[in-house]
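Have a look at the structure below before the remarks.
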Amino acid sequence: MPYNSKMSLKAANINPHYHHTGEQLNEELMIIEAAKLNPQRFAPLYDKYYKQIFNYLYQRMDDKDTAFDLTGQVFLKALTNLSNYQFKGVPFASWLYRIAHNEMMQLFRSTKDKRAINADISDLRYICEENEEPFFEEYIPAIKKLIQELKEEELQMVELRFFEKRAFKDIAEIMDITEVNAKVRMYRIIEKLKKQLSKLKT
Amino acid sequence: MEPKFNIDRPKVSDEEINKHKDFEKLVKQFKEQSIDKAKHDKSWWKSKKVRYATVIAGATIVCTVTYLSLFNNTKDKSNETITTQNAQTTNNNNKQETGSRKQDLSRFISPPSEKLNIAYTNYKVDNAKGAELKHPSSSKIKIPKKAFVDKNGKEIVGEVTISYREFHNKADIIAGGIPMAYDSAGKKYNLESAGMFDILGTQNGEPVFIKEEVKVEFASANPQDRFNQYYLDTTERNWKYLRRDDLNNEGRTTKDELGAENSKAKNTKKLETLKREIEVIIPKKIDSMKVVYTNRASALPKPKEPLKPRKASGKQTFNIDASTSDFPELKAFGNFVFELGDENKNYSPDMNEITWHDIKISEGPKKGVNYLLTLRYNQRVEKLIVYPVMTGNDLAKAQSYYQEKFEVYQASLQKRENTEIALRKEMEQKQQAYVAEQAKKKAEYEKALIERERNKLDQMNKDFSNMGDQDKTTRIFGVAKFGIYNSDCPHFEAKSKPIAPVFTLNEKEKPIFPSSIFMINHTKNMVYTFPKENFGGIQYDENASISFVVFAKNKIYFVKKEDAAESISASSNKFKAVEITESSDNMADLRKALEI
């Protein structure tokens, strides 16, 4: 089994902010269905997720104004394609995140804007803890380098899991992969990081 | 190209994010985009079916417009009737809800003592003008003009009485008898509150209803941003999640909130020292033990295994005078000769015919086992691998010598292994001692951390009444219907083995028959309420410090944290209680008992 119990134990670190109860999911679904018929009904979702989507984009970018512009674009795209939206038992936000990520990558490809990584020291500490390695401030430059050298897809996983503390189910939905696949990929990244982090000690 | 990496970049404020929110612009863009798309996409018109359908639809519209023009008045009236009926239905529902609230309250919200219950403050508001009410706690109730309607949906004329009360701490929650259990999609939680309020509206004793949302800016002593807003649905008998808490703590000294200063000063240094010990110093000590062990083990003398004498097999031999001082391992061999090894492919018998100018013996590829014989004749150099062998009596003598040496070797080896084991054991013992010390420090750290948080919260509760407006955090609620609103953080329900507590008074262990039981989790600042049917199956957080408040026959009893811990550790269901008031209307005594 590639992912172990340790990973499921770490579920306690999931950010409750992203968690939705069944009742909340149903409520969302009703709003979506209404918004498919009348765009004005989309307002509660716009209100609810604007900040989240902006933060998601700004977390990965350097320029604030571009992040705001892109946030608007994400919601426009979501509203335009709302008729294609299919409920998969996860918050509507996951779909928005996927649009946001695609739009952002498109932007990086077509302009000079550069991908950025934003993390708090506590996030870096969490990465070390997850890999059962001690964290010292002297490690920061080396950890930064490690993260910078990750492939885009691996970086995305690290950001979602360690910086934003999302559940595998949400990560899977955002990245358009299965939950099992998300866990497997995460396991591989952890192994990779673990190997590199253990070298920091020597 | 590597992405840029920013550490601890300042966050964008909610205010700035909200400034960029423009839903109307989004809808406008969407509509424009849809029109553009439609303009550019004319393929649909090419379909014959679409064209026929359009003609039919056009004809239908003409007919419908004509029909509506002729029968307009009748239709409008019937619509009006439907609307009114709907309004009545809604209001009837509202009425039922309000009417049943008192009944629900008696069952679902049960204050343990009517005298102790938190009183409402009444405000008169002219419905035509609206008002901004300021409660003594500094909370504000902002009522827009014409906010209230009667049970028939008609605007209220004249004054409305707004009854309002707040719950800020454990004593208030107990006095109000408000259930704090929360069921979210079948998962059970208990709520930790940052403050609650109860708001009602009446006119001449009759309930009124909210038409225009009332805003409550609730002044909370708790500055933390980890709470959600809930509404107590007395019909569903559950809290209903509304939204993330809308927090406004501008002007207050955020992190250094009340109480934090003192506890921070007292505890931070201790916490930092402990943390450093747990995370840096002790792990380093554990690692250094391994280094010390490795160094000491590798410094131990390594005994050398003696070379076992071999019997000559009859192959070509060379009689060379090799000194045993150069090769001490050959000492056991006495009179030995070197025998040609099988691995020499370059050997030929004609080598025996040559008188070699120089012959040299040196260590072979297998040190102590074989040797390299180098033969030189002018420019010709031959290298042969040879093995020391013996024959006859020499062999027996050498074997006996070897046996003696081998025993010494084995004894030395054993001694070395024993020393290694002793060193390893010593290292492991020292490491275990450090791990134990680390665990002890960790427990001490967690305890200090919990203590600090608890002190902070207690201090905040104590100081709430003395706080200036600028020190309070404002939690903004949109009130669309009257009732109880709460700023809460859900925690998983306690999962210990259920107990049926028996509360006893004084040394005679006189039992108390409770009418209400409240359990206080001091670690998480929570109050657990229990319906009577659950008195026999109370579960608690095993890692938390708990106490009980028990109401019985108009009296309040209190089980101290220390006494509760003693009963729990003794697996006893008897809890020693003390009476804290003469009669159960003394809020000050309750607060004192709860250290508020």
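Letters A, B, ... mirror the listed sequences (proteins, then strands); counts begin at 1. Computed from a prediction, not measured in an experiment: that's the story for all the values here.
For chain B, the nearby part of A:Phe68 is the side chain; its heavy atoms alone come within less than 4.5 Å. Heavy-atom distances place both the backbone and the side chain of A:Asp47 under 4.5 Å from chain B. Residue A:Leu155 touches chain B through its side chain alone, counting heavy-atom pairs closer than 4.5 Å. Contacts of B:Glu16 with chain A are made by both backbone and side-chain atoms, with heavy-atom separations under 4.5 Å.
Most heavy-atom pairs under 4.5 Å with chain B, from the set A:Glu149, A:Arg115, A:Gln148: that is A:Gln148. For the options B:Asp22, B:Asp14, B:Ile7, heavy-atom pairs under 4.5 Å to chain A are most numerous at B:Ile7. When the candidates A:Lys144, A:Lys145, A:Lys51, A:Gln59 are compared by the number of heavy-atom contacts under 4.5 Å with chain B, A:Lys144 comes out ahead. Among B:Val12, B:Asn18, B:Val280, B:Val27, the residue making the largest number of heavy-atom pairs under 4.5 Å with chain A is B:Val12.
A salt bridge does not link A:Glu154 to A:Arg161: none of the charged side-chain nitrogens sits closer than 4.0 Å to a carboxylate oxygen. Look at A:Glu33 and A:Arg41 and you find no salt bridge, because none of the NZ, NE, NH1 or NH2 atoms lies under 4.0 Å from a carboxylate O. Salt-bridge check for A:Glu164 with A:Arg166: passed, with a basic side-chain N closer than 4.0 Å to an acidic carboxylate O. Ion pairing of A:Lys165 with A:Asp123 is present here, as a side-chain N (NZ or NE/NH1/NH2) and a carboxylate O approach within less than 4.0 Å.
For the ring-ring contact (aromatic ring centres under 6.0 Å, His included) test with B:Tyr230, the passing option among B:Tyr189, B:Phe477, B:Tyr241 is B:Tyr241; the others fail.
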Residues B:Lys11, A:Asp120; criterion side-chain contact (heavy atoms from CB on, under 4.5 Å); working and verdict: CA-CA 11 Å; B:Lys11 304 269 183 283; A:Asp120 294 337; 3.5 Å; yes
